[in-house]
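Here the structure is laid out as structure tokens; the discussion comes afterwards.
So you know, we letter chains A, B, ... as the sequences are listed, proteins then strands, and number each from 1. Source: prediction; values computed, not measured. Only this structure's heavy atoms are used, side chains among them; waters, hydrogens and symmetry mates stay out.
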Number of protein chains: 2
Amino acid sequence: MEPSRSRGASASRENLAQRIYEQIKLDIFNFRLLPGDRFSENEVAERMQASRTPVREALLHLQRDGYVDVLYRSGWQVRPFDFKVFENLYDVRIILEISAVKRLCEMETPPPALADLKRIWLVSAAERLDDGGTVSALDERFHEMLVEATGNAEMALIHHGITERIRIIRRLDFTKGPRIEATYTEHGKILRAVLQRRAEQAQMLLKTHIEESKAEVRKITLHMLHTARRPLDDKAAD
Amino acid sequence: MEPSRSRGASASRENLAQRIYEQIKLDIFNFRLLPGDRFSENEVAERMQASRTPVREALLHLQRDGYVDVLYRSGWQVRPFDFKVFENLYDVRIILEISAVKRLCEMETPPPALADLKRIWLVSAAERLDDGGTVSALDERFHEMLVEATGNAEMALIHHGITERIRIIRRLDFTKGPRIEATYTEHGKILRAVLQRRAEQAQMLLKTHIEESKAEVRKITLHMLHTARRPLDDKAAD
DNA sequence: GCATACCATCTTGTATACAAGTTGGTATGC
DNA sequence: GCATACCAACTTGTATACAAGATGGTATGC
């Protein structure tokens, strides 16, 4: 689930705090914990069958990631949605990815990662996948691999952080069939442009592609928040 | 020392873990803790007159920041210098700041922050400061404010993280007088270009400016590491 | 009925205790 | 003298205990 940060590699098999961290993050992603929800460390500890110590460690980690906030001696809260934040993150994504694509076009030998992407995205209509979840994950990897392919590991790490952060709303983009189709065609165009070293065109296509996704997700998220439940009470309004 | 992340604002006055976090970071910045040094949570706890709990919290925070590593049940270690990492971070800085400057040039009304910068950097030769530490701090703020002025708070946060991360070697750039002078003239040129909406020129100047700093710092750091002490043992070589 | 003061309960922040595992030194066998 | 096995001390990871403060409900005064 978090392939980066692997340094000790195999050491990750046992670490209660990290497991709890991942679990809570999943709970937030799957809307078992809704934005604005409040909870205590003891509640989580009971649910996870653990003590407060690793729970607290996980929560502090999530806080730094921007998912939750601690209220001084008064519990924790899932950070309410702030569309301004998501739009800002989308814009940073655009900046990083456009820069990555430009760099890729300027490289003498195309990185092997591009060949991998070709095998996934430049396929016949019959070979295309149609499961929203799968395509959503592949979409994430497409954009991450563009950045990784430049060889700047730190940029890739920062981009990965942004990707994780906006995943919660980005997935909603792939609940509709037409968006999946569009993703295939647009990714294909971008890839072709990169492989042909058409930097300007690739950047333009990529920018448009991300901005469409941004606009689409905004609409869907607003709708979702209205229908699913009232996740924002009066308090969240001020 | 870390003005961002202020939400509860005044609540920050009392938090042992945060104080320890800042203290250890300073110890690393001031080379009281050298890259490669190993230490235990108990050692830090004694030095800080605290228990392991807040110490551990601070160390986990620092680990996520990239300053230290935990060795499985065998102590902590100040992460050894990795110049590739610093150069990558410098490159991300260039990407973010160039994009910020471009956006600033495209804005109809220049943000008030630019006026503040003018008062600091567009001054007569007599009014220029010459203390390395002060100018170094102002230099950080110059670049951060360029990003903040775009209004993208998330980009500013990411940029701030990078700034903190490279501060340890960036400061070394301002131990020499000529570099301070050059900073004044280059910042002045960049500011003037931005105020005149000459996007291309501003971007070019900024890129050159950061790359010079990057090259300079690289030389100085190498020299410093050789003279100060042998901080890298055989283990760090592989 | 309404406002206010108080208190039991719950919250995080910190300290301490315990568990499991690593490590380096020492004694032992040869 | 050298290699090996063992063990005591130390390390992080986790659980529990304690401290200080926030909060919401209730009783009291009017």
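Remark: of the listed residues A:Y67, A:F39, A:Y21, A:F39 is the sole one forming a side chain to side chain contact (heavy atoms under 4.5 Å, CB included) with A:L59.
Atom CZ in B:F39 sits about 18 Å away from atom P in D:dC10, given to the nearest Å. In this structure, B:L71 atom CG and D:dT11 atom P are separated by 13 Å, rounded to whole Å. In this entry the distance linking CZ of A:R73 with P of C:dT11 reads 13 Å, nearest Å. Here D:dT11 presents its P atom at 18 Å from CG of B:D69, a figure rounded to the nearest Å. Rounded to an integer number of Å, the gap from B:E43 CD to D:dC10 C1' is 11 Å. Across the protein-nucleic acid pair, A:Y72 atom OH and D:dG21 atom C1' stand 6 Å apart, rounded to whole Å. One interatomic measurement links the two molecules: CD of A:Q77 to P of C:dT11, which rounds to 15 Å at whole-angstrom precision. The distance from atom CD of A:E41 to atom C1' of D:dT14 is 14 Å, rounded to the nearest whole Å.
Of the side-chain N and O atoms in B:T53, none sit less than 4.0 angstrom from OP1 or OP2 of C:dT14. A:S40 has no side-chain polar atom (N or O) that falls below the 4.0 Å cut-off from OP1 or OP2 of C:dC10. Checking the phosphate oxygens (OP1, OP2) of D:dT12, no side-chain nitrogen or oxygen of A:N15 falls inside 4.0 Å. At the phosphate of D:dG13, OP1 or OP2 sits under 4.0 Å from a side-chain N or O atom of B:R56.
Nearest to the side chain of A:R52, among D:dC18, D:dA15, C:dA19, sits D:dC18. With C:dA15, C:dT14, D:dA15 as the choices, the nucleotide that has an atom nearest any side-chain atom of A:A50 turns out to be D:dA15. Closest to the side chain of A:S51, from the set D:dA22, C:dT14, D:dT14, is D:dT14.
Nucleotide C:dG29 forms a pair with D:dC2, judged by Watson-Crick or G-U wobble geometry with both contacts under 3.5 Å. Applying the Watson-Crick and G-U wobble criteria (two distances, each under 3.5 Å), C:dA19 pairs with D:dT12.
By the neighbour-count criterion of 12 heavy atoms within 6.0 Å, atom CD of A:E46 is sparsely surrounded, having that number or fewer from other residues, nucleotides or ligands. In the displayed structure, A:R218 atom CZ is contacted under 6.0 Å by at most 12 heavy atoms of other residues, nucleotides or ligands.
B:H160 has its ring centre no less than 6.0 Å from the ring centre of B:H143.
Residues B:L114 and B:P111 have side chains in contact (heavy-atom distance under 4.5 Å, counting atoms from C-beta outward).
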